[in-house]
Participant: 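Okay, here's the structure, questions in a sec.
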There are 2 protein chains.
Amino acid sequence: MNGSTNIEAKYQAYQQQHNLRSSKRRDFIFKHILTISGHFTIDQIYQHIAKIDPDIGIATVYRAIKLFVDANILIEHRFGDKKGFYEINQENFQEHGHLICRQCGKIVEYPIPEIKEIQQKKEREFNFKIDSFKVEFFGICRECLEKQKK
Amino acid sequence: MNGSTNIEAKYQAYQQQHNLRSSKRRDFIFKHILTISGHFTIDQIYQHIAKIDPDIGIATVYRAIKLFVDANILIEHRFGDKKGFYEINQENFQEHGHLICRQCGKIVEYPIPEIKEIQQKKEREFNFKIDSFKVEFFGICRECLEKQKK
DNA sequence: ATTCGTGCAAATGCTTTGCACCCAC
DNA sequence: GTGGGTGCAAAGCATTTGCACGAAT
């Protein structure tokens, strides 16, 4: 089973559980987010879709993305900004965290395989059913450190 | 050296570096946040301070808290909400992460001593100067799981 | 027919900012 | 006196929502 069928199954299951009607716009947004690697914002999605389907409203994008977050298809991040960042919660993607530079805002991804073990430990310990995680480090990146020296 | 002198030193250093003047209000907010364990919101601080100093404006609280975040005295969290949550970034506090129930919104803290090692590894690997981190797990808590069964 | 999905614009809620005034240096 | 600190109200910005209409069942 590859990643996208896995996610599609999740979407279909969610649609059934919530008695959703089929919607071309929502399906189109869904297909589009599958093609994105890394993070994106609502506005990026909206800009892209609006080129192909100019009548779409940004509210529809908000509603769709919110639904995908609820369905645990997407993970929402707020890296200190007020704006939301989203990324696919694909189980067979590499587990990763984020390094955020608080000076230039750059976001670097890094693999963090250690997290699975910690997650399982916490699940047992707190009797929580965990379905996503975030590991974020904040600091100053090399480039900004060098700029400071000058 | 205990935790609060550590933080006070951080505050003083920041004040000097940024040529801040002394401010009774900012200092009072500073002292107040030191007494709080766990997370708080801007509004909670404002409500508390306004009882003692009714003339204070909420903008002052925002400005002070933002400054403390910039000084790395506070860590800002956004647990999916639009509202910001804050907590002290006290180095000799126990390193901890958060478990967030996406159903009832409950936030549980847990120790995560493993993180220091990971942090150091990433610092070396990416040449980042890391000064704070977040580890968050999202899922459904025991109580909500039990409610679902019924 | 009924109810969900959508566009639009208004509303919301947190946060920031411009301005006039006050206060520390 | 100069420039930071503050209260107030207005503005900003991302996000949500009420409403009327169109589309799916």
Side-chain angles (χ1 to χ4, degrees), chain A residues 11-12 14-33 39-71 74-86 102 105, chain B residues 11-12 14-33 39-71 74-86 102 105:
Chain A
Y11 183 29
Q12 280 168 24
Y14 188 88
Q15 285 178 310
Q16 285 175 13
Q17 283 164 23
H18 293 257
N19 289 314
L20 302 187
R21 295 184 183 173
S22 92
S23 147
K24 279 176 191 167
R25 301 225 146 109
R26 199 200 302 122
D27 288 353
F28 191 72
I29 295 168
F30 177 74
K31 272 182 210 146
H32 178 54
I33 61 169
H39 321 96
F40 56 87
T41 62
I42 299 273
D43 200 56
Q44 282 168 15
I45 302 296
Y46 175 67
Q47 296 300 336
H48 179 92
I49 309 254
K51 279 181 198 157
I52 299 149
D53 178 4
D55 288 338
I56 198 170
I58 198 160
T60 300
V61 180
Y62 271 101
R63 285 189 267 238
I65 299 295
K66 194 175 186 181
L67 188 150
F68 297 150
V69 171
D70 189 58
L74 290 179
I75 304 199
E76 187 183 73
H77 294 274
R78 307 251 160 189
F79 299 120
D81 245 315
K82 59 176 90 176
K83 211 178 342 188
F85 286 77
Y86 300 86
R102 57 170 90 249
Chain B
Y11 183 28
Q12 280 169 23
Y14 187 89
Q15 285 180 309
Q16 285 174 13
Q17 282 164 25
H18 293 257
N19 290 314
L20 302 186
R21 294 186 182 173
S22 90
S23 148
K24 279 177 191 165
R25 299 224 148 109
R26 198 199 304 124
D27 288 353
F28 191 72
I29 295 169
F30 177 75
K31 271 183 211 146
H32 178 53
I33 62 170
H39 321 95
F40 55 87
T41 62
I42 300 273
D43 200 56
Q44 282 168 14
I45 303 296
Y46 175 66
Q47 296 300 335
H48 179 92
I49 308 253
K51 278 180 197 155
I52 300 149
D53 179 3
D55 288 337
I56 197 169
I58 197 162
T60 299
V61 181
Y62 272 101
R63 286 188 267 237
I65 299 294
K66 194 176 184 180
L67 188 150
F68 297 150
V69 171
D70 189 56
L74 291 179
I75 304 199
E76 186 182 72
H77 294 275
R78 307 248 161 189
F79 299 119
D81 246 315
K82 60 175 90 176
K83 211 177 342 189
F85 286 78
Y86 300 85
R102 55 171 92 252

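Protein chains get the first letters and strands the later ones, always in sequence-line order, with residue 1 at the start of each.
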Participant: Only counting residues at least two apart or in another chain, list the ones meeting side-chain contact (heavy atoms from CB on, under 4.5 Å) with A:Asp53.
Facilitator: A:Arg25, A:Ile49, A:Asp55, A:Ile56
Participant: Residues in ring-ring contact (aromatic ring centres under 6.0 Å, His included) with B:Tyr11, at least two apart?
Facilitator: B:Phe30, B:Phe68
Participant: Just how far, in rounded Å, is P of C:dT16 from CG of B:Leu67?
Facilitator: 12 Å
Participant: Whole-Å distance between D:dT16 C1' and A:Ile65 CD1?
Facilitator: 15 Å
Participant: Does anything in residues 45-56 of chain B reach DNA chain D, meaning a heavy atom under 4.0 Å, and if so which residues?
Facilitator: B:Asp55, B:Ile56
Participant: Within a strict 4.5 Å, meaning less than it, do heavy atoms of the A:Asp27 and A:Gln15 side chains meet?
Facilitator: yes
Participant: Can you name the residues that form a side-chain contact (heavy atoms from CB on, under 4.5 Å) with A:His48, not counting sequence neighbours?
Facilitator: A:His32, A:Ile52
Participant: Send over the distance from A:Gln16 CD to C:dC4 P, rounded to a whole Å.
Facilitator: 17 Å
Participant: Atom CZ of A:Phe28 and atom C1' of C:dG5: how far apart are they, to the nearest Å?
Facilitator: 17 Å
Participant: Please enumerate all residues that pass side-chain contact (heavy atoms from CB on, under 4.5 Å) together with A:Tyr86, with sequence neighbours excluded.
Facilitator: A:Phe40, A:Ile42, A:Ile65, A:Val69, A:Leu74, A:Glu76, A:Arg78
Participant: Any side-chain heavy-atom pair from A:Tyr62 and A:Lys66 closer than 4.5 angstrom?
Facilitator: no
Participant: Each nucleotide in nucleotides 18-25 of chain D should get exactly one letter: B, S or -. Can you fill that in based on protein heavy atoms under 4.0 Å?
Facilitator: B----BBS
Participant: Which residues pass the ring-ring contact (aromatic ring centres under 6.0 Å, His included) test with A:Phe28, sequence neighbours left out?
Facilitator: none
Participant: Could you go over nucleotides 12-15 of chain D and give all protein N or O partners under 3.5 Å, atom names and distances?
Facilitator:
| unit_1 | atom_1 | unit_2 | atom_2 | d |
| --- | --- | --- | --- | --- |
| D:dT15 | OP1 | A:Arg78 | NH1 | 3.2 |
| D:dT15 | OP1 | A:Arg78 | NH2 | 3.1 |
| D:dT15 | OP1 | A:Gly84 | N | 3.0 |
| D:dT15 | OP2 | A:Tyr62 | OH | 2.8 |

Participant: With sequence neighbours left out, what residues match B:Gln12 under side chain to side chain donor-acceptor pair (under 3.5 Å)?
Facilitator: none
Participant: The criterion is side chain to side chain donor-acceptor pair (under 3.5 Å); which residues satisfy it with A:Gln47, sequence neighbours excluded?
Facilitator: A:Asp43
Participant: Among all residues two or more places apart in sequence or in another chain, which pass the side-chain contact (heavy atoms from CB on, under 4.5 Å) test with B:Asn19?
Facilitator: none
